[in-house]
Engineer: 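Structure incoming, see below.
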Amino acid sequence: MSDLTTLLEVGGPLTALGGGAAYTRAKYPAVYWSAVGGPISTARLLSSYSSVMEACGLTVAPSRLRVLAVKATTRREVRPVPPRRGLIRPTSTGLRIRLRLAPGQEPADVAASAERLRHAWGVHAVYVTTVKPGVVELRLVGYDVLRRVRMPRKADSGFLKVPVALREDAMAFVRDYRAVPHQLTLGATLSGKSMYLRHLITGLAPQAVALVGIDCKRGVELAPFAARLSALAIDPDQAAELLPVLVKEMEDRYDLIKTRQGIAPDTPDEEITSDIWGLPESERPTPVVLFVDEVAELFLTATRKDEERRDEMVTQLIRLAQLGRAAGIYLEVCGQRFGAELGKGATMLRAQLTGRVCHRVNDEASAKMALGDIAPEAVSAACAIAPELPGLAVAGDTSGGWSRIRTPYLSLGDAAEICRESAHLVPDLAALKPFRPDVPVCLVATPDPAALPHPATD
């Protein structure tokens with residue numbers, strides 16, 4: 001009886017400790033990883049590194065000098081040599097370790113064994129990146145960082161760079177307009193596409209950039225950010241008036257580049273390889289980012305007159321996508337579907353959009369529209385996004401690389417407040433002034449003097 005009582009007295013705290021660890025792992029995975037998961041995975045890695053590398057086929061035969069040294073000093077068996085390991089650097093989301101590859105190995109050999117390494121060391125995922133020739137870095141992620149998104153404290157931000165989401169390897173996904181000038185973002189209703197757009201706008205709001213919006217849903221998506229927008233079109237008719245102005249602004253900037261750099265005035269714009277970044281800062285025009293929400297509305301037609309207007313708008317969008325980068329004009333095109341069925345010019349416009357972000361879509365064909373022509377293997381990952389994970393998306397570019405990302409939550413009120421605080425940064429572009437949206441003034445109710453309390457002396 002006394003043994004049973006002692007067992008219960010000891011088992012109670014152990015049960016509570018185990019339950020607390022399980023609760024912490026489910027609700028606060030970062031805390032659990034730092035306190036429990038990280039030390040355990042580090043111990044596994046240190047104790048089993050050589051055997052795991054040998055099991056994964058990542059070892060090579062030792063050199064003759066090493067064989068002679070081992071036989072001369074010890075009598076133990078000469079074993080294959082694994083890649084030389086660097087220091088283990090713990091992070092809040094996992095571990096980092098650099099490996100110096102042995103002669104004859106390549107980074108693809110390590111990447112092919114990433115799944116085996118994940119199971120051997122008890123982590124959520126293993127990612128391999130090349131640091132320099134002969135050196136790779138293993139990024140071990142301890143838990144699913146996309147389940148509860150927490151952006152890293154240090155992100156690669158700067159002018160025309162916006163850390164907009166978190167990648168599955170716990171790195172920030174940065175939208176860099178200088179590197180990827182134009183992008184296509186697809187997603188079904190409630191997939192998180194609007195949240196992605198909010199982060200882009202709020203990230204660019206404090207910068208010296210002109211923000212232009214085309215929102216054919218009567219402005220319900222972009223109107224809350226009107227305080228920071230230089231121009232806003234809320235229907236196809238207004239868009240048909242705004243796009244020629246942007247094309248004319250682009251042509252004027254090309255004329256400025258020609259004049260400054262001594263290029264012949266009759267040189268076609270397509271042959272100019274320079275851009276506005278080669279101009280002195282005092283003469284450099286302000287970059288323009290054009291947000292097109294629900295691009296399919298620009299392609300839909302009901303009458304022959306609408307067809308003519310649609311053809312003009314599509315032609316102008318294609319010109320901006322082809323020539324806008326050098327003039328500092330960048331496109332962010334969003335929609336639910338975007339393919340050849342929209343009409344003439346849709347496929348040509350999509351081919352000019354280098355970056356691709358695909359949220360949850362309703363059919364496989366929509367995922368193929370976004371990713372099929374640049375990263376076919378990413379289509380299945382986009383189709384596997386669950387409805388209960390809004391903000392989760394697959395991001396890729398024309399290089400063929402892709403990764404899963406998720407945008408953190410940002411309320412519409414907070415995003416609108418950031419734009420109101422940055423309203424004084426709206427650049428002065430004369431061509432866009434007629435399209436500047438009306439910003440509603442927040443009126444403060446003035447109390448009735450008769451209702452105010454009077455002092456006793458009255």
Side-chain angles (χ1 to χ4, degrees), residues 154-164 172 174-183 199-214 225 227-232 242-292 316-333 352-355 397-399 418-419 421-437:
K154 295 182 180 180
D156 184 17
S157 60
F159 187 56
L160 289 176
K161 290 183 179 181
V162 182
V164 68
V174 180
R175 177 72 175 94
D176 187 354
Y177 286 91
R178 295 284 299 274
V180 182
H182 312 306
Q183 182 170 275
H199 279 274
L200 283 178
I201 294 176
T202 55
L204 293 171
Q207 303 184 21
V209 179
L211 304 181
V212 179
I214 296 179
F225 318 120
R228 185 57 182 86
L229 297 180
S230 298
L232 177 62
L242 174 60
L243 286 173
V245 174
L246 291 175
V247 173
K248 180 63 169 57
E249 175 69 18
M250 179 185 68
E251 294 173 347
D252 292 343
R253 295 185 177 194
Y254 272 113
D255 293 338
L256 176 62
I257 295 173
K258 292 178 182 179
T259 303
R260 178 66 184 180
Q261 299 186 358
I263 302 175
D266 57 347
T267 303
D269 294 341
E270 293 82 354
E271 297 181 8
I272 300 178
T273 58
S274 302
D275 52 35
I276 64 170
W277 307 109
L279 299 176
E281 188 173 355
S282 59
E283 301 180 13
R284 186 182 305 154
T286 303
V288 178
V289 179
L290 172 61
F291 296 94
V292 182
Q316 290 155 356
L317 277 175
I318 293 175
R319 291 196 64 195
L320 289 173
Q322 287 179 335
L323 308 175
R325 182 207 62 82
I329 299 178
Y330 308 101
L331 269 62
E332 198 75 36
V333 180
Q352 302 296 328
L353 305 177
T354 306
D397 54 48
T398 52
S399 66
I418 294 174
C419 291
E421 293 175 354
S422 306
H424 63 284
L425 297 176
V426 176
D428 185 16
L429 296 178
L432 298 180
K433 282 186 177 180
F435 303 95
R436 180 78 190 274

Engineer: Determine whether Ile418 and Phe225 make a side-chain contact, defined as any pair of heavy atoms from C-beta on separated by less than 4.5 Å.
Structural biologist: no
Engineer: Is any side-chain heavy atom of Gln352 closer than 4.5 Å to a side-chain heavy atom of Leu331?
Structural biologist: no
Engineer: Take Gln207 and Leu425, measure what side-chain contact (heavy atoms from CB on, under 4.5 Å) needs, and give me the verdict at the end.
Structural biologist: CA-CA 7 Å; Gln207 303 184 21; Leu425 297 176; over 6 Å; no
Engineer: State the CG-CZ distance between Leu429 and Phe435, to the nearest 0.5 angstrom.
Structural biologist: 12.5 Å
Engineer: Run the numbers on Leu256 and Ile276 for side-chain contact (heavy atoms from CB on, under 4.5 Å), then give the verdict.
Structural biologist: CA-CA 9 Å; Leu256 176 62; Ile276 64 170; over 6 Å; no
Engineer: Does any non-hydrogen side-chain atom of Leu211 lie less than 4.5 Å from one of Val209?
Structural biologist: yes
Engineer: Taking all atoms of both residues into account, what is the closest heavy-atom pair of Pro287 and Trp277, and its distance?
Structural biologist: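 Closest heavy-atom pair between Pro287 and Trp277: CG-CH2, 3.6 Å.
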Engineer: For Glu251 and Arg319, run side-chain contact (heavy atoms from CB on, under 4.5 Å): C-alpha distance rounded to whole Å, both residues' side-chain angles, the deciding distance at 0.1 Å, then the answer.
Structural biologist: CA-CA 10 Å; Glu251 294 173 347; Arg319 291 196 64 195; 3.2 Å; yes
Engineer: Main chain of Leu229, side chain of Arg436: is a donor-acceptor contact present, judged purely on distance under 3.5 Å?
Structural biologist: yes
Engineer: What closest approach, in Å, do Ala179 and Pro181 show between heavy atoms, and which atom pair accounts for it?
Structural biologist: O-CD, 3.6 Å
Engineer: Within a strict 4.5 Å, meaning less than it, do heavy atoms of the Leu200 and Tyr177 side chains meet?
Structural biologist: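 Touching, per the 4.5 Å side-chain cut-off.
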Engineer: Once rounded to the nearest 0.5 Å, what's the spacing between atom OG of Ser230 and atom CG of Leu290?
Structural biologist: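 Those atoms lie 11.5 Å apart.
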Engineer: Without swapping roles, check the side chain of Arg253 against the backbone of Asp275 for a donor-acceptor pair under 3.5 Å.
Structural biologist: no
Engineer: Could you pull out the closest heavy-atom pair between Leu160 and Arg178, with the gap in Å?
Structural biologist: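 Distance-wise, the nearest heavy atoms are CD1-CD, 4.0 Å.
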Engineer: Classify the angle between the aromatic ring planes of Tyr330 and His182 as parallel (below 30°), tilted (30 to 60°) or perpendicular (above 60°).
Structural biologist: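 Tyr330 and His182: tilted rings.
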Engineer: Side chains of His199 and Val162: closer than 4.5 Å at any heavy-atom pair?
Structural biologist: no
Engineer: Would a 4.5 Å heavy-atom cut-off, applied to side chains only, mark Leu432 and Leu246 as touching?
Structural biologist: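 Of all side-chain heavy-atom pairs linking Leu246 with Leu432, at least one is under 4.5 Å.
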Engineer: Find the distance between CD (Glu283) and CD1 (Ile257) and round it off to the nearest 0.5 Å.
Structural biologist: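 CD1 of Ile257 is found 11.5 Å from CD of Glu283.
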Engineer: Can you tell if the side chain of Ile201 reaches within under 4.5 Å of the side chain of Arg228, non-hydrogen atoms only?
Structural biologist: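 Not in contact.
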Engineer: Can you tell me how far OG1 of Thr259 sits from OH of Tyr254, rounded to the nearest 0.5 angstrom?
Structural biologist: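 Rounded to the nearest 0.5 Å, the OH-OG1 separation comes to 14.5 Å.
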Engineer: Could you check whether any side-chain heavy atom of Val288 comes within less than 4.5 Å of a side-chain heavy atom of Pro427, counting everything from C-beta outward?
Structural biologist: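 A side-chain contact is absent here, since even the closest heavy-atom pair is not under 4.5 Å.
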Engineer: Run through Leu320, Leu242, Ile329 and flag the one making a side chain to side chain contact (heavy atoms under 4.5 Å, CB included) with Val247.
Structural biologist: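 Exactly one option meets the side chain to side chain contact (heavy atoms under 4.5 Å, CB included) with Val247, and it is Leu320.
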